[in-house]
Amino acid sequence: MTVMDLTAVSEAFETAAPSAVIAWAIDNYASAGAGDGVAVACSFEDAVLIDLAVSVKPDIEILFLDTQYHFAETLWYVEELRRRYDLNLRVLSPLVEPDNRWQADVAGCCGARKVEPLNRALAGKKAWVTGLKRVDAPTRAAAPIVSWDDARGLVKVNPLATWTPLDLAVYAAERQLPANPLMERGYPSIGCWPCTKPVAPGEDPRSGRWSGLDKTECGLHT
Ligand code: SF4
């Protein structure tokens, strides 16, 4: 497909159910790469994307970037969901040892602990599925549902792009999904513990990420 074809597909999916978008990605790319051509990158902030993805393809590859700085609650949640869904979980570790880089060089730290491992995991894939949502941040407000990820050379699929926090909450309640314990403690957006603070009700959910720094993205979605 050309970039224009992908743009047309994306526009056609504006009102489609996320499961239909995931099914399209699997139909078009799942068997086209080395091993499985489609991978789902999950932050394990909640279980919505995983629940949708495994409902379409139970053995779809789920990626977790173990930065070595996740909250204990998130690591517990990863294991909880792995057991619940018998996930085909691929844990990506960075090629560096734990260090203090996050204290002085967050861009370099995210590069080594998130971007490089993700790029390594996506090598040979034909498409990746993310949990990115337009409401996450102004920088994501125009995110397409399907696009060409030029930097990595594969198709990027954002099946939840149009969803709001209410959509997520309704889906999670209907499906009785377990929650990351940090959510009820004021962490609506969850990253690594050195770079994530709780936020007050009504505040920008992502304002707790890299608080006080001129940084809003880790580099996975740029
Ligand atoms: S979020 Fe913070 S600790 Fe995690 S990889 Fe980025 S800079 Fe490092």
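Note that ligands are numbered from 1 as they come in the structure, with each ligand's atoms numbered from 1 the same way.
The protein heavy atom nearest to atom 8 (Fe) of ligand 1 is C109 SG, 2.3 Å.
By heavy-atom distance, the residue among G191, C110, P194 lying nearest atom 5 (S) of ligand 1 is C110.
Only the side chain of K114 comes within contact range of ligand 1, with a heavy atom under 4.0 Å; no backbone atom does.
Residue-ligand proximity, V106 to ligand 1, at heavy-atom distances under 4.0 Å covers atoms 7 (S). Listed by number with element, the atoms of ligand 1 under 4.0 angstrom from any heavy atom of R113 are 5 (S). Less than 4.0 angstrom separates some heavy atom of C195 from each of these atoms of ligand 1: 1 (S), 2 (Fe), 3 (S), 7 (S). Proximity to Y69 (heavy-atom distance under 4.0 Å) selects the following atoms of ligand 1: 3 (S).
The closest approach between any non-hydrogen atom of W193 and ligand 1 is not below 4.0 Å.
The backbone N or O of L63 lies less than 3.5 Å from no partner atom in the side chain of R90, so there is not a single donor-acceptor pair. For the pair D167 (side chain) and T164 (backbone), a donor-acceptor distance under 3.5 Å is present.
In this model, a donor atom of one side chain and an acceptor atom of the other lie less than 3.5 Å apart for N158 and T130. Residues N180 and Y187 bring no donor and acceptor atom of their side chains to less than 3.5 Å of each other.
The aromatic rings of W24 and Y29 sit perpendicular, their planes meeting at an angle over 60°, well past the 30° parallel limit.
With salt bridges taken as basic N to acidic carboxylate O contacts below 4.0 Å, one links D99 and R113. Of the charged side-chain nitrogens involved, none lies within less than 4.0 Å of a carboxylate oxygen, so that R84 and E80 do not count as a salt-bridged pair.
Counting backbone and side-chain atoms alike, C192 contributes an N/O/S atom closer than 2.8 Å to atom 4 (Fe) of ligand 1.
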